[in-house]
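Here is the structure we will look at, set down as structure tokens.
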Amino acid sequence: MLDCGFRPDDHIYPSAMKACGMLSWCEFGRSVHCLALKTGFDGDVFVGSSVVDMYAKCEEIRDARKVFDGMPVRNVVSWSGMICGYTQLGEDDEALRLFKQALWEDLDVNDFTFSSVIRVCGNSTLLELGKQIHGLCLKMGYDSSSFVGSSLVSLYSKCGVIEGAYQVFEEIPDRNLGMWNAMLIACAQHAHIRKAFDLFRQMESVRMKPNFITFLCVLYACSHAGLVEEGKHYFELMKVYGIEPGEQHYASMVDLLGRAGRLRDAIAIINEMPIKPTESVWGALLTGCRIHKDTELAVYAADRVFELGQVSSGMHVLLANAYAATGRYEEAGRARKVLRDRGVKKETGLSWVEQGNCVHTFAAGDRRHPKSDEIYRKLEELGEKMERAGYVADTSFVLREVGSDEKNQAIRYHSERLAIAFGLITFPPERPIRVMKNLRVCGDCHTAIKFMSNCTGRVIILRDNNRFHRFEDGKCSCGDYW
DNA sequence: CTAGGGTTAG
């Protein structure tokens, strides 16, 4: 067009920008942006908004912000684009700050804006803030949108309030695929397996066509319940719907079979894959190996990961832990040394609990919390009760070679226990204690928390890196399969 | 007379 001597106008620039953003063609986008500046279109709100979006999609958020700040006129699209840009990069704080500023400046936010900002709350498990924004949404009449609805379903689910997710789902009868998928994944995370299968049937009966994400959701549900046959059924069903299984579906199947102890079947799936197995596929196998203590196979899988030339810290930790779990501390140490030499950091285990507008975070053995003394006293006191009820600490989950006293100490103060104790001394008895953790809960803590729920009569909801555990009356919703 | 920019689910 330019070669033919035509000049782009205020309609053409946004389209060109959109294309650059979708392709992540940052440099090309920058040139078009320059041309818009030179030809005097930079003051146009459509052009400006599209430039903001283009830079945000190219992960050049600072350039996006520079353009945003320089816009003479901004509207709801410009604000939403900027907020959404921050959410896509995981800059949750900045997204929320901007949203607040938009409200402060009396700008009308709409369903686009709400959907983005609710997602932020979900990602950061900010239940209280999320609820407030949900309320605002109702007040402003944006609560019937499927986009807002799926963000809300996901928010409540991620924050451990599955009832809230169901309620939002029921209240929005006009559901699109994203909303069904959000509800499905919520069921999977909370181990409401029959409900997940029900939903899938309902989708079929209302002729909502599942997509590749839908199948990831149901496979995930099967994996969490150890339902191998059902998983195979859905995997086969993909063909009927004409959906080619991707890397993630294979990883899911390997995860399902591996967790269920069918490690040979898992290997068979990998061998039959028409595409090259990726790190996540081998990672799923490693997880199965760890659970079922098959160190030989774990080493084999780890070797394959090394061949891919990729290093992610989780992968090395899996290998190191596989060695340690069978008492081969020397090799575990060697694996850790590889981690250190390559500068890979193991993620610190953290647990957090939300109270009002605060998030209280704990690490294992942490004494930094102002209420530390009270928390540890609570754990001591509760520990005695638990032991009288039959709890015995299982120190095989301590993955370091230390004396048994030290092991006992290490395991008593894992981060989730500190967070739960904080909840016990802070929240009224009828309120469930919701704790989030970034790593997998260890077997001993899982047992201990069952005793805790029994000895205190409290409902404890713990999210680990993978799923939710709901402890009540000495039992866990995962049925001890996780 | 028409036309352009921003969202969800893993």
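These numbers come from a predicted model, not from an experiment. Just so we're on the same page: letters track the sequence lines, and every chain starts at 1.
- Applying the side-chain hydrogen bond (donor to acceptor under 3.5 Å, both in side chains) test to R431(A) and every residue at least two apart in sequence or in another chain returns nothing.
- Listed by chain and number, the residues in a side-chain hydrogen bond (donor to acceptor under 3.5 Å, both in side chains) with H446(A) are H469(A) (sequence neighbours excluded).
- When the salt bridge (Lys or Arg N to Asp or Glu O under 4.0 Å) test is applied to R175(A), the partners found at least two apart in sequence or on another chain are E170(A).
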Treat primed atoms plus P, OP1 and OP2 as sugar-phosphate and everything else as base, then score nucleotides 4-10 of chain B 5' to 3': B for base contact with protein heavy atoms under 4.0 Å, S for sugar-phosphate contact only, - for none.
BBBBBBB

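- Not counting sequence neighbours, the partners of D265(A) by the salt bridge (Lys or Arg N to Asp or Glu O under 4.0 Å) test are R262(A).
- Residues forming a side-chain hydrogen bond (donor to acceptor under 3.5 Å, both in side chains) with T125(A) (at least two apart in sequence, or on another chain): W352(A).
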